[in-house]
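First the structure, in the form of structure tokens, and then the observations on it.
The basis for the numbers below is simple: all heavy atoms, side chains too, and nothing from hydrogens, waters or symmetry mates. Proteins get letters first, then strands, A, B, ... in listed order; numbering begins at 1 in each.
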Amino acid sequence: MPRLAIRDLVVSYPGLGRPALAVPRLDLAAGEHVLLTGASGAGKTTFLNIVTGLEPVAAGRVRWDEIDLAALGEGGRDRWRAAHVGLVMQEFHLFPGLSALDNVLLPARLARFRLPAALSGEAERLLARVGITRAGQKVETLSRGQMQRVAVARALLARPGILIADEPTASLDAESGAAVAGLLAELAAETGATLIIASHDPLFARANLNRRLHLDAGRLVG
Amino acid sequence: MLGFILADLRRHRWGVAAIALIVALATALGVAVTLQERAMRLGSARAADAFDLVVGAPGSETQLVLSSVFLQAAPLPLMPGRVLAGLLQDPRVAWAAPIGFGDEIDGRPIVGTSAPLLEGLGGLAEGRGFGRLNEAVIGAAVPLRLGDRFHPMHGHAFGVGLVHGGVTYGVVGRMKPTGTPWDRAVLVPIEAVWRIHHAEAAAGPAGPGGAQPDEGLDAPVDPSALLSPEATGLPAILVKPRTVADAYKLRRDYRGETTLAVFPAEVLTRLYGTLGDVRLVLAAIATGAQALVGAAILLAILVHVLQRRRQIGALRAFGAARLAVFSIVWLEVVLVLGAGLLVGVGLGWAGARALSNQLARQTGVPMPVGFMPEDAMPLALLLLAGAVVAVVPAVLAYRQSPAEALRG
Ligand SMILES: Nc1ncnc2c1ncn2[C@@H]1O[C@H](COP(=O)(O)OP(=O)(O)O)[C@@H](O)[C@H]1O
Ligand SMILES: [Mg+2]
């Protein structure tokens with residue numbers, strides 16, 4: 001499982017007096033479960049965007065094992081992310097009109113010409129694992145908690161070594177949020193993936209995450 | 001990927017249908033202009049086929065052709081009766097027949113002529129030719145039966161239609177279909193037309209009760225009456241030359257002070273030149289409409305793609321290839337445009353068909369509506385333009401940053 005090593009990372013946005021994010025040095029061990037906290041605007045999403053390759057690294061180095069994201073172009077980061085990162089966001093980004101199963105398979109379908117036959121079975125297995133029993137149900141008819149479960153299944157389809165969740169419970173009620181939080185930790189443990197959850201939901205404070213990072217105005221503290 | 005595109009199109013089916021419909025209508029406009037112009041050109045050319053050479057009094061060549069071939073009522077100047085006599089005796093002439101415009105029956109022209117024209121236009125389908133002056137042969141499309149009797153009415157040239165109370169024709173034969181306006185005509189001996197109008201002229205401005213000697217028409221047709229140098233003046237004579245060389249000599253000889261000889265085909269070709277100019281104008285209008293529609297559609301699609309940038313960008317964040325995002329948008333646009341184009345071709349064809357059928361009913365000239373291989377070219381160009389235009393929203397989606405898309 002990949003290890004993360006960040007050196008001298010600085011992310012600035014025009015119009016913002018200080019850097020949105022400044023991380024001189026950070027190392028995460030493979031398979032670590034990390035909770036990233038911080039006030040709104042502290043830089044959590046910016047951090048996740050950088051380590052998932054969604055945004056280019058302007059200054060510094062961000063290495064996952066041997067891969068330096070700073071050295072990859074946009075297409076290279078897309079391909080690397082498709083192969084190594086599973087993403088769960090606050091919004092589900094599911095496509096209405098498609099079934100739960102088709103939503104789980106959609107990114108894979110749009111990443112290669114032919115879907116490997118085994119992938120469809122894997123998607124059904126994952127849906128069952130996250131508690132979705134009717135894989136053929138159209139996603140717009142699911143409850144919000146179920147939608148986020150489908151999103152979790154989609155994040156795991158490519159068996160990513162890195163699982164990233166940005167405020168995964170913020171748009172759910174407490175019960176569904178707890179279930180999704182539990183699922184993320186369980187599934188990361190099952191697959192051995194490195195897990196980073198950005199959230200200020202207190203329920204994660206009780207969760208069994210072995211490392212905490214706190215962002216304050218773009219700087220890591222503690 | 002195609003499954004996703006279809007699901008996506010289905011989800012936006014009303015907007016998609018509206019866009020496809022607009023594209024279809026713009027395409028139909030262009031297709032209909034092309035097809036209709038061709039149908040009119042082919043139809044009228046075929047109608048003029050049987051008419052080798054037409055001789056009339058000096059005046060408008062176009063009017064002479066329109067009146068003789070297409071039986072468009074118009075007051076033509078007359079040429080002296082001896083012209084027909086001269087043509088009938090000319091060794092270069094296979095046959096010649098007068099064309100005299102009589103009255104009408106239920107909006108269908110009654111044309112005075114002679115027996116050779118019946119043969120020359122294709123012959124009879126049933127019955128026999130006229131043997132007496134009060135006998136008539138009807139065109140294939142005239143809704144009368146053999147044995148029917150009818151009273152002619154004055155043509156529109158005389159204002160309100162007046163029944164010639166005393167005159168009655170009996171139908172004795174029906175022509176084979178000719179595919180010309182003559183299918184709508186009623187043919188009677190030219191002498192009958194002459195006699196009716198002589199009688200009227202003698203009676204002065206006759207009212208409905210004016211003296212018309214019906215018994216004057218109850219006489220056998222006399223071919224020698226046409227040879228008389230004192231024969232009444234004629235608006236037009238249809239001439240069948242023996243050879244092509246004869247045709248050119250006859251045309252030269254009969255273009256002079258008293259007569260005008262024309263090849264209808266030649267006059268039509270000149271008319272088509274004008275028609276072609278009109279077509280160009282219409283085609284330009286259609287192209288302009290298509291360009292406007294294209295711009296409007298592009299705008300609609302751009303707005304649509306901009307609204308959906310989050311959705312589309314999100315696809316990439318979750319692992320979709322950048323090229324796939326491009327292809328989805330491009331294919332969706334091309335599919336919608338292509339569908340609109342196909343439907344538009346069908347609509348244009350149907351529209352031209354409807355219009356041509358209507359015109360054919362009115363004029364008696366069948367107008368063949370059909371596609372030619374060269375029609376594929378502008379359509380292919382249109383599709384190509386659509387494919388190029390579709391690149392714009394596709395590039396927008398391609399360049400959409402997934403991080404921004406996720407932030408929303
Ligand atoms: N594209 C951008 N342009 C300018 N400023 C941005 C942009 N993205 C984020 N920021 C700013 O960077 C800071 C960190 O934002 P973010 O990482 O979203 O915080 P968090 O996720 O912790 O709420 C905020 O002040 C935000 O306004
Ligand atoms: Mg955030």
Where do [X] and [Y] come nearest, in terms of heavy atoms and distance?
X	Y	answer
B:Phe318	A:Leu87	CE2-O, 3.4 Å
A:Leu54	B:Ala317	CD2-CB, 3.7 Å
A:Ala111	B:Gly319	CB-O, 3.3 Å

Which atoms of B:Leu323 approach chain A - backbone, side chain, both or neither, heavy atom under 4.5 Å: neither
Across chain B and chain A, going purely by atom type as modelled, what donor-acceptor pairs are there at a distance under 3.5 Å?
{"unit_1": "A:Thr46", "atom_1": "OG1", "unit_2": "B:Arg407", "atom_2": "NH2", "d": "3.2"}
{"unit_1": "A:Glu74", "atom_1": "OE2", "unit_2": "B:Arg316", "atom_2": "NH2", "d": "2.9"}
{"unit_1": "A:Asp78", "atom_1": "OD2", "unit_2": "B:Arg316", "atom_2": "NE", "d": "2.9"}
{"unit_1": "A:Asp78", "atom_1": "OD2", "unit_2": "B:Arg316", "atom_2": "NH2", "d": "3.1"}
{"unit_1": "A:Arg81", "atom_1": "NE", "unit_2": "B:Ala317", "atom_2": "O", "d": "3.1"}
{"unit_1": "A:Arg81", "atom_1": "NH2", "unit_2": "B:Arg316", "atom_2": "O", "d": "3.3"}
{"unit_1": "A:Pro96", "atom_1": "O", "unit_2": "B:Arg11", "atom_2": "NE", "d": "3.0"}
{"unit_1": "A:Leu110", "atom_1": "O", "unit_2": "B:Ala321", "atom_2": "N", "d": "2.8"}

Spacing of CG belonging to A:Leu106 relative to CG belonging to B:Leu315, to within rounding of 0.5 Å: 5.5 Å
Greatest number of heavy atom pairs closer than 4.5 Å to chain A - which of B:Ala324, B:Ala320, B:Ala314: B:Ala320
Residues B:Val325, A:Leu110; criterion side-chain contact (heavy atoms from CB on, under 4.5 Å); working and verdict: CA-CA 8 Å; B:Val325 168; A:Leu110 297 179; 6.0 Å; no
For A:Glu66, all residues meeting side-chain hydrogen bond (donor to acceptor under 3.5 Å, both in side chains), sequence neighbours excluded: none
Which of A:Ala82, A:Ala155, A:Pro107 touches chain B most, by non-hydrogen pairs under 4.5 Å: A:Pro107
Partner chain B: residue of A:Gly86, A:Pro96, A:Gly97 with the largest heavy-atom pair count (under 4.5 Å): A:Pro96
